[in-house]
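One structure is given below, encoded as structure tokens.
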Amino acid sequence: MRLLLTTDTHVPKRARELPSALLAEMDRADVVFHAGDWVDVATLDVFQARARRLVAVHGNNDGPELRARLDEVARAECDGLRFGVVHETGPAQGRERRCADRFPDLDVLVFGHSHIPWDTVAPGGLRLLNPGSPTDRRRQPYCTYMTAEVSDGRLLDVRLHRLPPRT
């Protein structure tokens, strides 16, 4: 099972459109995770139309219309792995323990907000993944997203993809 992980798309505030590489990856993915800060309802509509399965939440920059359509926390099972999605997890210091305490029933937590790619394992085995942002790199050298594979209840081949600078 092929996964696409993304967050903080911020269209049209930080980018006019979604990167073509992200859209192409969405077409290949069995499950797409988006950890919030869509900003624009039309972007959610694009994801819902293209993704085979979308697991998504709203973020702090999402208005009432997006909040009406998306929850603060989403959960999904993929081939025996228990996933959760949330936008904010608080400061980097202590994140693993905080998330392990808050989500003891998950195997993988996808989150966003910081625009900083993150891949760690909390005490007890919870994997925390932040794919960065495909449209707003902030202080990072690149805009990014992640892909992964799930097979036989295991998360495999987690990859951070760098996008070329926008022109």
Side-chain angles (χ1 to χ4, degrees), residues 1-10 14-15 18-19 21-38 47 51-61 70-165:
M1 180 179 294
R2 187 173 179 85
L3 310 180
L4 168 62
L5 292 71
T6 193
T7 187
D8 295 286
T9 43
H10 290 273
R14 299 290 183 202
L18 296 167
L22 183 74
L23 293 171
E25 195 60 56
M26 192 182 321
D27 293 340
R28 288 189 289 272
D30 298 301
V31 183
V32 176
F33 293 90
H34 191 301
D37 271 7
W38 305 80
F47 273 73
R52 289 184 195 127
R53 180 179 179 195
L54 178 64
V55 182
V57 298
H58 65 74
N60 62 298
N61 284 299
L70 297 163
D71 292 325
E72 182 179 352
V73 176
R75 296 169 188 270
E77 187 170 315
C78 299
D79 196 19
L81 274 182
R82 300 164 300 168
F83 285 82
V85 184
V86 66
H87 185 63
E88 296 185 61
T89 60
Q93 185 171 352
R95 177 176 285 142
E96 287 81 6
R97 179 142 332 266
R98 242 186 351 268
C99 290
D101 290 346
R102 183 176 175 196
F103 300 104
D105 58 328
L106 297 180
D107 299 306
V108 181
L109 180 66
V110 180
F111 68 98
H113 187 60
S114 69
H115 297 216
I116 300 171
W118 189 276
D119 183 353
T120 58
V121 178
L126 174 66
R127 182 94 174 252
L128 287 93
L129 298 172
N130 183 331
S133 170
T135 57
D136 183 13
R137 64 184 180 87
R138 287 199 183 157
R139 295 169 297 282
Q140 300 304 301
Y142 299 95
C143 290
T144 57
Y145 65 90
M146 284 180 174
T147 58
E149 300 280 336
V150 175
S151 181
D152 296 323
R154 295 184 13 229
L155 186 65
L156 306 169
D157 200 24
V158 175
R159 291 186 186 197
L160 182 69
H161 299 268
R162 296 174 172 177
L163 290 161

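Sequential numbering from 1 along the given sequence is applied to the chain's residues.
For the atom pair CZ of Arg139 and CG of Asp136, the computed distance is 9.5 Å after rounding to the nearest 0.5 Å. To the nearest 0.5 angstrom, Leu163 atom CG is 9.5 Å from Thr135 atom OG1. Atom CD in Glu25 sits 10.0 Å away from atom CG in Leu3 (nearest 0.5 Å). In this structure, CG on Leu156 lies 6.0 Å from OG on Ser151, to the nearest 0.5 angstrom. In this structure, His87 NE2 and Glu72 CD are separated by 10.5 Å, a value rounded to the nearest 0.5 Å.
A 6.0 Å sphere centred on CG of Asp152 holds no more than 12 heavy atoms belonging to other residues, nucleotides or ligands.
Side chains of Leu160 and Tyr142 form no contact here, defined as non-hydrogen atoms less than 4.5 Å apart. Contact of the Val85 side chain with the Leu5 side chain is not registered, since no non-hydrogen atoms from C-beta on lie closer than 4.5 Å. Between Arg95 and Thr120 there is no side-chain heavy-atom pair separated by less than 4.5 Å. Inter-residue side-chain proximity for Pro91 and Arg98 is flagged as met; some heavy-atom pair is nearer than 4.5 Å. When side chains are defined from C-beta on, Glu96 does not count as touching Leu126, because their heavy atoms never get closer than 4.5 Å. At a threshold of 4.5 Å between non-hydrogen side-chain atoms, the residues Met1 and Arg53 do not count as touching.
Ring geometry for Tyr145 versus His161: interplanar angle under 30°, hence parallel rather than tilted (30 to 60°).
Classification of Asp107 and Arg82 as a salt-bridged pair holds, one side-chain N sitting under 4.0 Å from a carboxylate O. Classification of Asp8 and Arg138 as a salt-bridged pair fails, no side-chain N sitting under 4.0 Å from a carboxylate O. Salt-bridge check for Arg127 with Asp119: passed, with a basic side-chain N closer than 4.0 Å to an acidic carboxylate O.
Under the 3.5 Å distance criterion, with hydrogens and angles disregarded, a donor-acceptor pair is assigned to the side chains of Thr9 and His34.
Shortest non-hydrogen contact noted between Asp30 and Arg52 is OD1-NH1, 3.1 Å. Of all heavy-atom pairs spanning Ala100 and Pro123, the tightest one is CB-O, 3.7 Å. The two residues Ala51 and Leu54 make their nearest non-hydrogen contact at CB-CB, 4.2 Å. What you find for Val55 and Ala74 is that their closest heavy atoms are CG1-CB, 3.9 Å. The minimum heavy-atom distance linking His113 with Asn130 is given by the pair N-ND2, 4.5 Å. For the residue pair Leu106 and Gly84, the shortest heavy atom distance occurs at CD1-CA, 3.6 Å.
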Taking it one step at a time, do Glu149 and Arg2 satisfy side-chain contact (heavy atoms from CB on, under 4.5 Å)? CA-CA 5 Å; Glu149 300 280 336; Arg2 187 173 179 85; 3.2 Å; yes
Could you please spell out the steps behind the side-chain contact (heavy atoms from CB on, under 4.5 Å) verdict for Val150 and Val31? CA-CA 10 Å; Val150 175; Val31 183; over 6 Å; no
Pair Val86-Arg102, side-chain contact (heavy atoms from CB on, under 4.5 Å): steps then yes or no: CA-CA 11 Å; Val86 66; Arg102 183 176 175 196; 4.0 Å; yes
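Checking side-chain atoms of Asp37 against main-chain N and O of Asn60 turns up a donor-acceptor pair under 3.5 Å. A distance-only check finds a donor-acceptor pair linking the side chain of Thr144 to the backbone of Pro131 [under 3.5 Å]. At least one donor-acceptor pair under 3.5 Å links the side chain of Trp38 to the backbone N or O of Val57.
With Phe83 as reference, Phe33 is the one residue of Phe33, Phe111, Phe103 to meet the ring-ring contact (aromatic ring centres under 6.0 Å, His included) rule.
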